[in-house]
Asker: 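Pasting in a structure now, in structure tokens, and then I'll have a few things to ask.
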Amino acid sequence: MIIFGSVFFPFLRGWRGPGTWALGGWGLDGFLSRGVFSVGLVLAMFGVLHLVLAYGLFERESWARMLGLVIGFLALLRFPLGTALGVSTLWVLLPEESGAEYDRLARGDRQWNSAAASS
């Protein structure tokens, strides 16, 4: 986001020059530059959160399903791709049968749903 801001908003390139305080000034350039930086930090935080979720689901941790549901609900706000991914995440993780099956997987009982294989 900092690179994006400096490329598309050239007047922001020197917003933290030598001798300037990072939170000083109330001009438009200070507001926009800190806004772009803040958006970048929030996006980085969500990126790390998604990596933690991927690790938890891959390792079948007990907390990963709940984190996946929270992130799935938050993804509904990011139209259009995030909404589609959020709906598919909730479709998979929200039903009660999915919760019971995930709990069995997290415990390591190896009693997976094999209804398709048994018919």
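Values in this document were obtained by computation on a predicted structure and should not be read as measured data.
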Asker: Would a single hydrophobic cluster contain both V42 and L53, if residues Ile, Leu, Val, Met, Phe, Trp and Tyr are joined by side-chain heavy-atom contacts under 4.5 Å?
Answerer: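 In one cluster: yes.
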Asker: Any chance you could pull the hydrophobic cluster mates of L85, using side-chain heavy atoms under 4.5 angstrom and chaining through other members?
Answerer: L81
Asker: Could you tabulate the donor-acceptor pairs under 3.5 Å formed by side-chain atoms of residues 65-76, not counting sequence neighbours?
Answerer:
unit_1	atom_1	unit_2	atom_2	d
R65	NE	L93	O	2.9
R65	NH2	L93	O	2.6
R65	NH2	L94	O	3.4

Asker: Do M45 and L41 share a hydrophobic cluster (ILVMFWY, side-chain heavy atoms under 4.5 Å, transitive)?
Answerer: no
Asker: Just to verify, what does E59 make a side chain to side chain contact (heavy atoms under 4.5 Å, CB included) with, not counting sequence neighbours?
Answerer: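 Result, side chain to side chain contact (heavy atoms under 4.5 Å, CB included) vs E59: Y55, E61.
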Asker: Verify the cluster assignment for W91 and L57: are they in a single hydrophobic cluster under the rule of side-chain heavy atoms below 4.5 Å apart?
Answerer: no
Asker: If you count the non-hydrogen atoms of other residues, nucleotides and ligands that lie under 6.0 Å from CH2 in W63, is the total more than 12?
Answerer: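 Yes, the 6.0 Å shell around CH2 holds more than 12 heavy atoms from other groups.
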Asker: Between Y102 and A64, which heavy-atom pair has the shortest distance, and what is it?
Answerer: OH-CB, 3.4 Å
Asker: At what distance, to the nearest 0.5 angstrom, does OG of S62 lie from CG of L105?
Answerer: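 The distance works out to 12.5 Å.
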